[in-house]
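Comments concern the structure below.
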Amino acid sequence: MDCSREELLIATIARLLEGCRHVAVGELSPIPGAAAFLARQRDDRVTVLGRLKNNMFTNGGVELFDCAAQGRIDAFFIGGGQIDGEANINLIGTGDYPRTEVRWPGCFGTAFLYAMVPRVILFRQEHSRRVLVPRVDFISAPGTSAPGVYRRGGPYALITNMALFAFDTARRRFRLESVHPGASLEAVLDNTGFDFDRPDEVAQTPAPDAETLSLMRGPVAREIARTYPRFAASLFPDAAEDAKRLTGHLPG
Amino acid sequence: MDCSREELLIATIARLLEGCRHVAVGELSPIPGAAAFLARQRDDRVTVLGRLKNNMFTNGGVELFDCAAQGRIDAFFIGGGQIDGEANINLIGTGDYPRTEVRWPGCFGTAFLYAMVPRVILFRQEHSRRVLVPRVDFISAPGTSAPGVYRRGGPYALITNMALFAFDTARRRFRLESVHPGASLEAVLDNTGFDFDRPDEVAQTPAPDAETLSLMRGPVAREIARTYPRFAASLFPDAAEDAKRLTGHLPG
Amino acid sequence: MTSNRIVDSVDALVAGVRDRAMVAVPRDTSGVSMAATAALIRRRARGLHLVCVPTSGLQADLLIGAGCVATIETSAVTLGEFGLAPRFTAAVKAGTIELKDATCPAIHAGLQAAQKGIPFMPLRGVLGSDLVSHRDDWKVIDNPFAETAGDPILLLPAIRPDVALFHAPRADRHGNVWIGRQRELMTMAHAARETLVTVEAIVDDDLLASDETAAGTIPSLYVSAVAEAEFGARPLAFWDAYPAEAVQISEYVRLARSQDGFARYVARYLGGGEATTAAE
Amino acid sequence: MTSNRIVDSVDALVAGVRDRAMVAVPRDTSGVSMAATAALIRRRARGLHLVCVPTSGLQADLLIGAGCVATIETSAVTLGEFGLAPRFTAAVKAGTIELKDATCPAIHAGLQAAQKGIPFMPLRGVLGSDLVSHRDDWKVIDNPFAETAGDPILLLPAIRPDVALFHAPRADRHGNVWIGRQRELMTMAHAARETLVTVEAIVDDDLLASDETAAGTIPSLYVSAVAEAEFGARPLAFWDAYPAEAVQISEYVRLARSQDGFARYVARYLGGGEATTAAE
């Protein structure tokens, strides 16, 4: 069965969430959001936390962080303007801080959540040497910590439009897990600015099965349309139309 | 005009609150509570905070303390099983801690509030050598602090059934301000276990004037009856009856 | 859909309180689960470490009298206008419970530290109180942000209860619990590993569906189990819903002067004499 | 009775924001007073120290573009799905604003420290981030409660704003402000010396009269002034009450690429060209 690149990513991320109970997602992360909703379709004990409409938080903006600190959040997603081979991430900009040549929004909660959430999934669609660099210009959040530094979370996997990597904390290196259909090992090597481990035979990322696709295109699409209407409009146009009729809202 | 001992105390405490904006009172402090309501009758910018019905706090039990720490509370009241001449107070018990011979409830928030509220009024009706001791058996909250210890509050006055004292922080001593009608300097000296300063001529605590009495017996009595119904029943029986009819509640 | 967080009985609810658990309970006026207190006594809970937020009264006195308590951390134990707490006072004199005397904001701060996953919280004031010298789990450091040397400040360790146990007006069928302005109940639930709640009623509405009710609601995320217990705070008062049973509390004060009298009170009011199923 | 906290206009409200004040503002979805932002620009506020709780977007970008901001403490500035914040980005490149880059929970913790009157608050995580080396007002100590030596932990100084400034659905005539579950607005009000609020509507009910509304209400005790400003968050979205004005924000993004274009946007939408009364 044919599926889009986005559907492949959603299904792959949902697999990475297996065994998680509480998954937190950000406002601007429709693909991880869809993956979390898909995981919940498969296991109704999964809760999706974060800045969603009708969210579960009632203690203000600090609650996501307190909740992570209490050990109640199992998985979270971080993007990154730059990601390096030790899983350090940069959300500040390129060049010398503070007068960076390119300035991105800022670190958000990553410097905290990366250390507190057991399974942090790095997600960045663009797979290029611009993004995947030998060494980030600014460490917004470090991939690993010195011995003795309290840490109970960190990088678990990196997923891009081309490939899926796992992170090995002890070795402080990524390991290529699979290459997505349509991409090649050569393309991955050409477009990755850091060195990484890989097996002799690199697998292909499996496409979602028919049941998964129908979950994604049905109930998941409807949930996504409520939270990320613009995204849903491009990926799941039917569900987005339904949601628009129901709420009458532009995205906010 | 005749007034009761309680009315004298209420009027005297209200005078001590002059210039205060936010006055906090405890649940079991009807006389200071009445004094705070009287102060508010005289100046409608005064707010009375604390564990009252329909109180102003919406952030739970911590808010009184946070509010004091923010510098928003100008006056508060503390009792004390023992009070000594340096204004140390003991709310724990007599004898050696922890297996005290007599055990009182505990320190409540005093160890904090005594250091944070600028005008703490010590209020204890019983005036005896049992209460006013040379040295408390346990310092629940110290009257003064060592140099360099952050402190912006502390004892301002001590009022009992017999007399009013002011506290001089620099000298770490009480000074007798006035003796209530019906008591004498000799009785005060006989019944005070600590040494204190006094002027050559000791004044008599002035009785409330007619206007003050009518405020107390009218609007103040009605407010007190809502918060401290049992107390009001004995002091202001008419207002208490009104309140009981309105709420149908026993005290709780 | 009713969540599996909704349990059938208060006895089933307190099965979640293991012997030797650290149990956080609110002060008398905030929503004390006297129904769960009775159930704990019936099942002969032992060795509890009570954390009173920040004080307690009849609940602590009953649990102490019934032999359920090994340690109590509190800023006060008092029956308020009914007087001193007789079994607490007797246990202090007899040395049968470990005392961790505190001051109200220190207990709030310890719970907030647990809520925030930090090992300690600073607090101003308190220095110079004998509390500090008797609490070897409290520390004093020089404020690292002071402009001049010195400036000692108290640090309180996080208090992370095994269980938060309280009574609230209502829960919905998902296990969301409405606590209104009794915000310390939310702090307790965030700080504790498990939260057990009795409620006056279980309602059909989703308490998180509107901002109006959500503002005063603990999400089910933090709630382990809920049991319905109408008048579950009696004989204590519960907010403005019902007043204290003054006659019963006065009788408690009279009887509990002695351990025998206490046993008679328990038998009469808490069903302590009945055969009950031990929870575990 | 209408409290003297209720003021007649948003311009009168922002008279309470002095030049060089530290001003705390919420993130885009929590209740940004764009009405007050326009008033600040009209009165040519200067030298503000913006504290974004914990991020900002159009509000910060407008204030920066209009030259009102000397320093910004924030965890991010972004227009979200509309893209990067153009005047912020330009100011960073030009070095015309002082940056105090932070991470969300650090800003919350700093405000909570001010709320609690403590000089600092610890926070786990963050160590190893370059944020720490660029923030000389942050400190790292060894956790005094650690069982073994070491265990470094970050300490954040209290953030005590001069002013908390935000938009809320409603206030009553006493100046109590309903903020529902946007609890960070309450923390901001507790932490700040003065709190200035625009509201969609001023209502006749007393918001503290019932536990239901009180649960989500900031008491007037913490509120310096309130002004009515219907649609006061526009062109941003406000909770579920109204959506973002996508066309206007897109036009902003297009125009604000240049300082000239920014000036045209301000003249067109904020009345920046009109003669206005300076507040002080």
Side-chain angles (χ1 to χ4, degrees), chain B residues 27-28 51 53-55 57-66 68-69 88 90-93 97-116 136-153 228 230-231 247-252, chain C residues 26-30 53-55 74-81 84-85 88-89 92-95 98-99 101-106 108-109 111-112 123-132 134 143 148-153 181-187 236-238 240 242-246:
Chain B
E27 256 162 314
L28 294 167
R51 296 168 180 174
K53 282 187 200 292
N54 300 325
N55 73 67
F57 288 147
T58 59
N59 202 34
V62 77
E63 186 170 358
L64 171 66
F65 307 105
D66 286 353
N88 299 307
N90 175 6
L91 295 160
I92 286 283
Y97 186 85
R99 292 182 62 177
T100 40
E101 290 153 39
V102 173
R103 168 73 201 206
W104 298 316
C107 297
F108 292 96
T110 57
F112 178 78
L113 293 169
Y114 212 23
M116 300 307 266
V136 294
D137 289 3
F138 186 102
I139 299 178
S140 290
T144 58
S145 297
V149 171
Y150 179 92
R151 180 163 192 161
R152 63 160 186 242
Y228 309 99
R230 286 193 170 187
F231 172 75
T247 70
H249 273 188
L250 283 169
Chain C
R27 65 193 170 99
D28 275 0
T29 52
S30 289
V53 186
T55 63
T74 191
S75 305
V77 181
T78 172
L79 303 184
E81 59 182 335
L84 296 174
F88 167 69
T89 308
V92 168
K93 198 172 288 184
E98 187 191 346
L99 286 181
D101 267 294
T103 183
C104 304
H108 290 302
L111 289 168
Q112 288 180 303
L123 185 67
R124 284 299 193 186
V126 192
L127 300 179
S129 166
D130 285 341
L131 289 174
V132 179
H134 289 285
N143 171 16
T148 55
D151 190 18
I153 186 166
R181 65 169 102 184
Q182 308 297 323
R183 207 76 187 177
E184 63 272 29
L185 302 177
M186 188 173 295
T187 304
L236 295 175
F238 183 54
D240 288 333
Y242 42 87
E245 302 279 312

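In what follows, every chain begins at residue 1, and chains take the letters A, B, ... in the order their sequences are listed.
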At a 4.5 Å cut-off on heavy atoms, which part of C/L127 comes close to chain B: side chain, backbone, both, or neither? both
Tell me which of these, C/V92, C/L99, C/L111, C/T89, has more heavy-atom pairs under 4.5 Å with chain B than the rest. C/V92
Which atoms of C/Q112 are under 4.5 Å from chain B, going by heavy atoms: the side chain, the backbone, both sets, or neither? side chain
Honestly, the part of C/F88 sitting under 4.5 Å from a heavy atom of chain B is side chain
Classify the ring geometry of C/H108 against B/F65: parallel below 30°, tilted from 30° to 60°, perpendicular beyond 60°. tilted
Which pair of heavy atoms, one from C/L84 and one from B/W104, lies closest together, and at what distance? CD2-CA, 4.2 Å
Check whether any side-chain heavy atom of B/C107 sits under 4.5 Å from a side-chain heavy atom of C/L131, and report yes or no. yes
Of C/T103, C/T74, C/T78, which meets side chain to side chain contact (heavy atoms under 4.5 Å, CB included) against B/F108? C/T78
Ranked by heavy-atom pairs below 4.5 Å to chain C, first place among B/V102, B/N88, B/T58 goes to B/T58
Whatever's closer than 4.5 Å to a heavy atom in chain C on B/R99 counts as both
Given the options B/S140, B/S145, B/A69, B/A146, which has more heavy-atom pairs under 4.5 Å with chain C than any of the others? B/S140
Per-residue contact mode, B/L91 against chain C (heavy atom under 4.5 angstrom): neither
Once you round to the nearest 0.5 Å, how far does CG of C/D130 lie from CG of B/D137? 10.0 Å
Looking only at C/A109, C/A94, C/P26, the option with the highest number of non-hydrogen pairs under 4.5 Å against chain B is C/A94
Heaviest contributor of heavy-atom pairs below 4.5 Å to chain B, chosen from C/R124, C/K93, C/E184, C/M186, is C/R124
Identify which of C/S30, C/S129, C/G125 forms the greatest number of heavy-atom pairs closer than 4.5 Å to chain B. C/S129
Side chain, backbone, both or neither: which part of B/E63 has a non-hydrogen atom closer than 4.5 Å to chain C? neither
Sorted by chain and number, sequence neighbours left out, side-chain contact (heavy atoms from CB on, under 4.5 Å) with B/A141 holds for B/I89, B/T110, B/Y114
For B/G109 and C/P105, work out which heavy atoms get closest and say how close. CA-CD, 4.1 Å
Indicate whether any N or O donor in one side chain lies under 3.5 Å from an N or O acceptor in the other, for B/Y97 and C/D101. yes
Per-residue contact mode, C/A102 against chain B (heavy atom under 4.5 angstrom): backbone
Measure distances from C/L123 to the heavy atoms of chain B and classify the residue's part below 4.5 Å as side chain, backbone, both or neither. side chain
Engaged part of B/A111 at the chain C interface, taking heavy atoms whose separation is under 4.5 Å: both
At a heavy-atom distance under 4.5 Å, which candidate from C/P152, C/G95, C/A85 has the highest pair count against chain B? C/G95
Taking the side chain as every heavy atom from C-beta outward, state whether C/H134 and B/I92 have any atom pair closer than 4.5 Å. no
